[in-house]
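Here's the structure we're looking at; comments come further down.
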Amino acid sequence: MLGRCNLLRIARIRHSAVYLESKDGQPGEYVALPAGQLPQGAREGDELEVFVYRDAGDSLAATVRKPAAQVGQLAYLKVVETTEAGAYLDWGLDFDLFLPLSEQKYRVRTGRSYLVAGTTGRNG
């Protein structure tokens, strides 16, 4: 589920978020989707295709947007920023993908695109 597009059922719709049933999680564990991404006319019980990732707080989160690559796929991604710790790559979502320096075979440069393999970043 993590790092891939999934078809998940809408469990609850709230003002700030939509809660989707987690396929891999414990009973009662949900994946949060921002309420602004809920397709018009969608209701509790409907299924949505979403990309599942971990947010900054390490919780499962979802987006209806599709990234340039999922786990197990390759894609050319453009480097938008480099830091001492690594680089940030544009993968088509609202946030950039972090590529740690320790995962780089050689230092990548801002403005260039590189072939990247999608992983969960958790030995997966």
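Sequence positions, counted from 1, serve as the residue numbers for this chain. These figures come from a predicted structure and were not determined experimentally.
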Next item on the list: Provide the closest heavy-atom pair for L8 versus M1 in the form atom of the first, atom of the second, distance.
Entry: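 Taking L8 first and M1 second, the nearest heavy atoms are CD2-SD, 4.3 Å.
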
Notebook entry, point to check: Do you know the tightest heavy-atom contact between A62 and P34?
Noted result: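 Smallest heavy-atom distance, with atoms named: O-CD, 3.5 Å.
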
Check: Between I13 and L60, is there a shared hydrophobic cluster once you connect ILVMFWY residues whose side-chain heavy atoms come closer than 4.5 Å?
Finding: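 Both belong to a single hydrophobic cluster.
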
Next item on the list: Quick one: which residue pairs count as a salt bridge (charged side-chain N to carboxylate O under 4.0 Å, His left out) with a foot in residues 100-117, not counting sequence neighbours?
Entry: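 As it turns out, there is no salt bridge (charged side-chain N to carboxylate O under 4.0 Å, His left out) pair with a partner in residues 100-117 once direct neighbours are skipped.
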
Any chance you could measure [X], atom [atom1], to [Y], atom [atom2], to the nearest 0.5 Å?
| X | Y | atom1 | atom2 | answer |
| --- | --- | --- | --- | --- |
| E29 | S59 | CD | OG | 9.0 Å |
| L99 | S102 | CG | OG | 8.5 Å |
| L20 | E44 | CG | CD | 11.0 Å |

Next item on the list: Is it possible for you to check whether R14 lies under 6.0 Å from the centre of the six-membered ring of Y19, through NZ or CZ, and within 45° of that ring's axis?
Entry: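 Output no; distance or angle outside limits.
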
Give the table of side-chain donor-acceptor pairs shorter than 3.5 Å for residues 46-53, with sequence neighbours excluded, one pair per line with atom names and distance.
residue : atom : partner : partner atom : Å
D46     : OD2  : R43     : N            : 2.8

Note to self: Applying side chain to side chain donor-acceptor pair (under 3.5 Å), can you list everything that pairs with R4, at least two apart in sequence or on another chain?
What the structure shows: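 R4 satisfies side chain to side chain donor-acceptor pair (under 3.5 Å) with no residue once adjacent residues are dropped.
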
Next item on the list: Name all residues meeting the side chain to side chain donor-acceptor pair (under 3.5 Å) criterion together with Q73; count only those two or more places apart in sequence or in a different chain, and write none if there are none.
Entry: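 Here no residue qualifies.
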
Do any side-chain atoms of residues 75-98 form donor-acceptor pairs under 3.5 angstrom with protein atoms, and if so which ones, sequence neighbours left out?
residue : atom : partner : partner atom : Å
T83     : OG1  : A85     : N            : 3.2
T83     : OG1  : G86     : N            : 3.2
T83     : OG1  : G86     : O            : 3.2
D90     : OD1  : G92     : N            : 3.0
W91     : NE1  : F95     : O            : 3.0
D94     : OD1  : R65     : NH1          : 2.3

Next item on the list: Take Y30 and R12 through the test side chain to side chain contact (heavy atoms under 4.5 Å, CB included) and record every step on the way to the result.
Entry: CA-CA 9 Å; Y30 298 98; R12 292 190 314 260; 3.5 Å; yes

Item checked: Remaining members of the apolar cluster that contains L101, side-chain heavy atoms under 4.5 Å ->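 Hydrophobic cluster check, L101: no partners found.
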
